[in-house]
Amino acid sequence: MASFLDEKSTKAEMHARRPTDPKSSKSSRTRTSKPLLAILTLLSLAGAAFYFYRNGVPFYQTPTLSPSWNDESEWPIPKIPGPELPAPVEPFEPLKRYSLDYGKVACWQDGGVWIKELTPVEMSSLGIDRFRDTARALEQADEDAFCTRLRMHGASFWQLPPQWPEHVNWCEAMDDCVKPTKKVTLEVAFPTSGGVWMLDTSQGWEGLYPQSLGLRNALTMDERCEVIKHLGGRFCEDIQACPEMVALSRP
């Protein structure tokens with residue numbers, strides 16, 4: 001009996017000292033580390049999200065409005081166009097007496113602007129440089145004097161500010177979108193001998209083409225007079241006695 005107990009005790013001690021299986025130990029550590037790794041990953045993602053929320057994505061810059069200083073604050077506060085602060089209106093043509101880009105001659109008078117697309121001969125008679133931009137006169141008296149001469153060439157008048165058509169609040173050239181307040185449909189030419197040749201174009205240019213292109217090809221004012229004559233124009237010896245010209249002489 002004692003021998004049996006000693007043998008059983010010896011087997012138990014041997015079993016206790018038996019080395020642990022490495023594979024079994026590794027499997028246990030793996031099962032323990034997977035949840036921990038998942039928790040650490042979630043914490044890292046949460047930290048990164050919070051950083052980008054506070055500081056923004058480093059490779060993307062959010063567009064900002066140009067700030068303007070507020071009298072009640074020492075920090076710049078951006079002003080956004082709205083009902084109380086409408087968006088600024090961009091400048092529209094005409095901006096000068098003449099510009100190569102716009103291609104028409106203009107002058108400002110009585111709260112509006114006179115505009116006419118002139119031929120090189122007409123521009124030369126008004127003393128306008130055809131090869132460079134020309135600014136408007138600094139003094140209104142000088143501008144009024146030029147307007148008197150431009151009106152005699154059949155310029156039309158637009159009141160300012162313009163009354164834009166429905167669904168239109170800006171055009172690069174005002175006269176392309178807005179009808180004139182006073183429309184003039186008269187081509188004129190002044191011969192060196194005196195008087196004036198006039199061509200009424202109120203019915204359009206239909207029937208006058210292609211002979212009407214001669215108005216642009218004329219090299220002198222006398223040649224322009226000949227073109228108007230062949231297009232069926234009328235000659236008036238005394239400008240002051242011509243009803244059409246008297247109307248042009250008045251603003």
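All heavy atoms count here, side chains included; hydrogens, waters and symmetry mates do not.
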Got a donor-acceptor contact below 3.5 angstrom from the [X] side chain to the [Y] backbone?
{"X": "Thr181", "Y": "Gln159", "result": "yes"}
{"X": "Ser99", "Y": "Tyr102", "result": "yes"}
{"X": "Asp133", "Y": "Leu100", "result": "yes"}
{"X": "Glu139", "Y": "Ala141", "result": "no"}
{"X": "Glu223", "Y": "Leu219", "result": "yes"}
{"X": "Trp158", "Y": "Val178", "result": "yes"}
{"X": "Ser156", "Y": "Val184", "result": "yes"}
{"X": "Asp222", "Y": "Thr192", "result": "yes"}
{"X": "Arg149", "Y": "Ser125", "result": "yes"}

Is the ring pair Trp164/Phe92 parallel, tilted or perpendicular, if the boundaries are 30 and 60 degrees?
perpendicular
For the pair His153 and Phe190, name the ring-plane relationship: parallel under 30°, tilted 30 to 60°, perpendicular over 60°.
perpendicular
I need the Met245 CE to Met198 CE distance, nearest 0.5 Å.
7.0 Å
Could you measure the distance from the CG atom of Asn217 to the CG atom of Leu215? Nearest 0.5 Å is fine.
9.0 Å
Same apolar cluster (I L V M F W Y, side chains within < 4.5 Å links), Trp114/Leu118
yes
Run the ring-centre check on Phe146 versus Trp108 and record whether the distance is less than 6.0 Å.
no
Using a cut-off of 6.0 Å, state whether more than 12 heavy atoms not belonging to [X] lie near its atom [atom1].
{"X": "Lys179", "atom1": "NZ", "result": "no"}
{"X": "Arg216", "atom1": "CZ", "result": "no"}
{"X": "Lys229", "atom1": "NZ", "result": "no"}

